[in-house]
Amino acid sequence: MKTAVVFAFIGLCVLSALSLAEDLKKSKPSATVSPAGEFSAPTTTTPKPTTTTPKPTTTIPKPTTTTPKPTTTPSPTPTAAANVSVGNYTLLDDKKVMCVMAQMALQIRLATPKANGTFIVQPNMVKTKGTCQDTKVNLTLAFKEGFITFTFNKSVANNTVYVDTLSFSLSYPFSKGGNGEYSANNKSMQLFPTKIGHSYSCKNQSLYMGNGLYLEVTQDRMQAFNLTKSNEFGLPDPCPADLPNYSVAIGVGVTLLVLIVVVVVVYLLSRRKRADGYQSL
């Protein structure tokens with residue numbers, strides 16, 4: 001009996017416990033147990049600010065270097081800027097005997113209100129040609145731009161040799177827009193006169209050819225006819241410009257002579273007055 005009571009009491013207790021457990025299940029919500037990893041502290045990822053600094057687009061303009069094309073002024077090989085050179089020009093006759101020999105520097109100069117300039121003849125660009133006769137010689141100096149011709153005449157009666165015709169032709173533009181064609185021809189002249197067998201010499205000579213054209217002949221030494229057997233110049237006959245000028249010396253001499261005469265006259269007059277001042281007692 002006691003055992004039954006004990007078992008009944010235990011049964012009631014078990015039932016009460018089961019009922020109480022059932023009540024607790026109904027009163028408390030079911031808790032979801034998450035694994036420990038799910039409750040780890042949230043990793044707060046702070047995004048790094050992406051600061052994009054735009055590169056300055058500096059556009060450096062390339063300098064437009066415009067090289068001007070050189071304006072080429074038409075100028076033949078011998079220009080006014082070239083140095084004046086002395087050329088040696090000779091001419092032989094049919095018997096291979098030298099009939100004329102010349103050493104000179106040549107320039108053709110233009111001086112007009114519209115154009116000015118100088119063309120210099122370069123000896124290394126010159127070809128010599130012409131004819132030799134008994135009393136006449138034509139010496140032509142030909143170059144790319146033109147020619148210069150000297151005609152020598154021999155006068156046995158006057159014992160002289162001279163140039164009676166001088167001419168030239170030149171194709172050279174001294175100025176922009178100019179025609180560039182020039183020519184001159186002077187006759188009946190007696191230029192570069194010398195005695196037969198002598199040579200003509202002159203340091204500087206300017207010959208006017210008309211229309212503003214000049215032929216400049218410098219450091220000149222020339223001879224036609226009767227050269228020496230060794231083809232050398234004869235005795236030089238200088239041009240008037242190279243002759244010594246005695247006018248200054250003559251003027252000084254005349255002035256001194258006049259002063260001497262005046263002094264002598266004054267001395268004689270003063271001496272005469274002194275003689276008249278003394279009287280005999």
Side-chain angles (χ1 to χ4, degrees), residues 78 80 82-93 97-109 118-143 147-168 170 184-209 213-250:
N83 293 326
V84 179
S85 301
V86 177
N88 296 312
Y89 311 108
T90 59
L91 190 64
L92 303 178
D93 60 10
V97 177
M98 191 176 295
C99 64
V100 64
M101 182 168 59
Q103 295 177 354
M104 55 187 170
L106 297 170
Q107 303 175 70
I108 297 175
R109 181 168 60 90
T118 302
F119 176 86
I120 299 175
V121 177
Q122 296 298 313
N124 57 349
M125 301 291 182
V126 173
K127 292 184 178 180
T128 304
K129 57 184 180 179
T131 58
C132 295
Q133 299 177 2
D134 292 338
T135 60
K136 193 172 288 292
V137 171
N138 289 326
L139 174 64
T140 298
L141 308 178
F143 39 89
F147 65 86
I148 302 174
T149 299
F150 300 83
T151 302
F152 295 87
N153 187 29
K154 180 180 179 180
S155 175
V156 178
N158 298 324
N159 191 30
T160 56
V161 176
Y162 55 89
V163 172
D164 61 359
T165 302
L166 179 60
S167 61
F168 67 76
L170 178 66
N185 187 1
N186 285 343
K187 297 182 179 180
S188 302
M189 299 185 297
Q190 291 191 7
L191 298 173
F192 317 114
T194 64
K195 295 179 181 180
I196 297 176
H198 287 200
S199 62
Y200 178 85
S201 65
C202 195
K203 294 179 180 178
N204 191 357
Q205 194 166 3
S206 180
L207 305 173
Y208 182 64
M209 303 293 290
L213 293 168
Y214 296 83
L215 180 63
E216 307 285 349
V217 185
T218 56
Q219 304 180 48
D220 180 18
R221 187 84 183 269
M222 65 173 62
Q223 181 177 345
F225 311 104
N226 301 89
L227 285 102
T228 64
K229 293 181 179 181
S230 57
N231 293 329
E232 295 179 353
F233 288 113
L235 295 175
D237 290 341
C239 63
D242 291 350
L243 291 174
N245 189 359
Y246 297 106
S247 59
V248 176
I250 292 173

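Every residue two or more places apart in sequence or in another chain that forms a side-chain contact (heavy atoms from CB on, under 4.5 Å) with Thr149 is listed here: Thr140, Phe147, Thr151, Ser167. Annotation: side-chain contact (heavy atoms from CB on, under 4.5 Å) contacts of Thr131 (sequence neighbours excluded): Asn138. Partners of Lys187 according to the side-chain contact (heavy atoms from CB on, under 4.5 Å) rule, which considers only residues two or more places apart in sequence or in another chain, are Thr165, Asn185. Under the rule for a side-chain contact (heavy atoms from CB on, under 4.5 Å), the partners of Asn88 that lie at least two apart in sequence or sit in another chain are Gln103.
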Practice prompt. Determine, step by step, whether Val121 and Gln107 satisfy the side chain to side chain contact (heavy atoms under 4.5 Å, CB included) criterion, reporting the C-alpha distance in whole Å, the side-chain angles of both residues, the deciding distance to 0.1 Å, and the verdict.
Written response: CA-CA 6 Å; Val121 177; Gln107 303 175 70; over 6 Å; no
Discussion item. The test is side chain to side chain contact (heavy atoms under 4.5 Å, CB included); show your working for Thr128 and Leu139 and say whether it passes.
Written reply: CA-CA 7 Å; Thr128 304; Leu139 174 64; 3.4 Å; yes
Worksheet item: Would Ile108 and Ile148 satisfy side chain to side chain contact (heavy atoms under 4.5 Å, CB included), going step by step from the backbone distance to the final call?
Response: CA-CA 10 Å; Ile108 297 175; Ile148 302 174; 4.2 Å; yes
Item to complete: Test Leu191 against Leu166 for side chain to side chain contact (heavy atoms under 4.5 Å, CB included), laying out the working first.
Response: CA-CA 9 Å; Leu191 298 173; Leu166 179 60; 3.9 Å; yes
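Residues Tyr89 and Val126 form a side-chain contact, since some pair of their non-hydrogen atoms from C-beta on lies under 4.5 Å apart. At least one side-chain heavy atom of Phe119 sits under 4.5 Å from a side-chain heavy atom of Phe143. Looking at Phe192 and Leu207, their side chains come closer than 4.5 Å, going by heavy atoms from C-beta outward. Leu141 has its side chain within reach of Met104: a pair of non-hydrogen atoms, C-beta onward, lies under 4.5 Å apart.
Applying the salt bridge (charged side-chain N to carboxylate O under 4.0 Å, His left out) definition to pairs two or more places apart or across chains, those involving residues 131-141 are Lys136-Asp164.
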Donor-acceptor contacts under 3.5 Å from residues 214-227 side chains, at least two apart:
unit_1, atom_1, unit_2, atom_2, d
Glu216, OE1, Ser206, OG, 3.3
Glu216, OE2, Arg109, NE, 2.8
Glu216, OE2, Arg109, NH2, 2.9
Glu216, OE2, Ser206, OG, 3.0
Arg221, NE, Ser199, OG, 2.9
Arg221, NH2, Ser199, OG, 3.2
Arg221, NH2, Gly234, O, 3.2
Gln223, OE1, Gly234, N, 2.7
Gln223, NE2, Gly197, O, 3.4
Gln223, NE2, Phe225, O, 3.4
Gln223, NE2, Asn226, O, 3.1
Asn226, OD1, Lys154, NZ, 3.0

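Taking the six-membered ring for Trp and the full ring otherwise, the centers of Phe233 and Tyr200 sit at least 6.0 Å from each other.
Put simply, CD on Gln190 and CG on Asn158 are 8.0 Å apart, with the number rounded to the nearest 0.5 Å. For the atom pair CG of Leu92 and CE of Met98, the computed distance is 5.5 Å after rounding to the nearest 0.5 Å. Separation of atoms CG (Asp237) and SG (Cys202) is listed at 12.0 Å; rounding is to 0.5 Å.
Of the possible polar contacts, none joining the Ser155 side chain to the Asn159 backbone as a donor-acceptor pair under 3.5 Å is found.
The two atoms that bring Val137 and Leu91 nearest to each other are CG1-CD2, 4.2 Å, heavy atoms only.
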